[in-house]
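Quick notes on the structure that follows.
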Amino acid sequence: GAVVSQHPSRVICKSGTSVKIECRSLDFQATTMFWYRQFPKQSLMLMATSNEGSKATYEQGVEKDKFLINHASLTLSTLTVTSAHPEDSSFYICSALRPGAIYNEQFFGPGTRLTVL
Amino acid sequence: AQSVTQLGSHVSVSEGALVLLRCNYSSSVPPYLFWYVQYPNQGLQLLLKYTTGATLVKGINGFEAEFKKSETSFHLTKPSAHMSDAAEYFCAVSEQSTGNQFYFGTGTSLTVIP
């Protein structure tokens with residue numbers, strides 16, 4: 001199957017700093033990528049849909065000024081958590097949408113563990 | 001909007017016993033259906049998916065699932081549990097109309113007892 005990478009896999013930062021997480025589709029072009037957040041022992045919560053060359057679409061309740069998404073190329077989307085606080089600590093997972101003849105399949109990255117001290 | 005229900009947030013089975021993880025969805029049209037497994041601090045690994053065709057789908061690691069339209073279900077089974085099957089399992093659906101938006105169930109944590 002297709003490969004989606006995330007970098008970094010783990011990050012620890014101080015409260016008030018900004019953290020950037022990269023999501024790359026390594027062997028296909030993805031016009032659409034998704035960002036999810038997962039709290040411990042819970043399911044994935046869709047945060048936003050990232051579209052190449054246009055603004056991201058945020059889900060209700062997700063602060064777009066806090067979670068900045070940039071999809072500058074067909075293989076790269078970035079999520080920047082601005083002025084991070086301890087409550088932003090979570091597991092962030094991205095996915096990339098690969099167009100297909102029958103349906104468009106999502107491929108998930110390995111996730112990024114963010115810890116804000 | 002779709003909703004996905006996974007009955008049982010925790011399931012325990014003995015090693016060698018049948019694994020049955022339940023998933024029901026709400027949709028007026030047949031969706032695409034997926035099962036993912038997640039090990040601690042890792043991303044999602046696709047176990048199997050149903051898009052079209054045969055309703056009994058075989059996946060990796062000996063898992064299979066059957067799409068039952070009349071019951072709006074897509075239960076995951078494995079005849080004989082292995083210790084390495086202990087993980088979190090997520091059922092997900094996406095709509096045929098877009099094939100994009102994923103709706104995840106709340107997950108089922110599988111424990112395998114030696």
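These numbers come from a predicted model, not from an experiment. To find a chain, count down the sequence lines: A is the first, B the second, and so on, and within it residues start at 1. Side-chain atoms are counted along with the backbone in the values below, which use heavy atoms only and exclude waters and symmetry mates.
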Legend entry - Stepwise side-chain contact (heavy atoms from CB on, under 4.5 Å) check, E105(A) with T51(B): CA-CA 10 Å; E105(A) 187 168 358; T51(B) 54; over 6 Å; no
Legend entry - Derivation of the side-chain contact (heavy atoms from CB on, under 4.5 Å) call for I93(A) and Q38(B): CA-CA 12 Å; I93(A) 301 176; Q38(B) 185 181 34; 3.9 Å; yes
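Annotation: the span from L44(A) atom CG to Y36(B) atom OH amounts to 10.0 Å, rounded to 0.5 Å. Considering CG of L44(B) and OH of Y36(A), their distance stands at 8.5 Å, rounded to 0.5 Å.
Residues L68(A) and F34(A) do not share a hydrophobic cluster, defined by chaining ILVMFWY side chains whose heavy atoms lie under 4.5 Å apart. Grouping the Ile, Leu, Val, Met, Phe, Trp and Tyr side chains by contacts below 4.5 angstrom, directly or via other members, places F102(B) with L46(B). Residue W35(A) is not grouped with residue L74(A) when hydrophobic side chains (ILVMFWY) are merged at heavy-atom distances under 4.5 angstrom, including chains of intermediate members. In the hydrophobic clustering of this structure, V4(A) does not group with I21(A); members are Ile, Leu, Val, Met, Phe, Trp, Tyr whose side-chain heavy atoms approach within less than 4.5 Å, directly or through other members. Under the 4.5 Å side-chain heavy-atom criterion for ILVMFWY residues, a single connected hydrophobic cluster contains both M45(A) and F67(A).
Residue Q6(A) does not touch chain B at all, counting heavy-atom pairs closer than 4.5 Å.
Nearest heavy-atom pair across Q38(A) and F90(B) is NE2-CZ, 3.4 Å.
Around NZ of K66(A), the count of heavy atoms belonging to other residues, nucleotides or ligands within 6.0 Å exceeds 12.
Proximity to chain B among residues 109-117 of chain A is limited to G109(A), P110(A), R113(A), judged by heavy-atom separations below 4.5 angstrom. Proximity to chain A at a heavy-atom threshold of 4.5 Å picks out F104(B), G105(B), T106(B) from residues 104-112 of chain B, in numerical order. For a heavy-atom cut-off of 4.5 Å, chain B lies close to F91(A) in residues 85-92 of chain A.
With sequence neighbours excluded, no residue satisfies ring-ring contact (aromatic ring centres under 6.0 Å, His included) with Y39(B).
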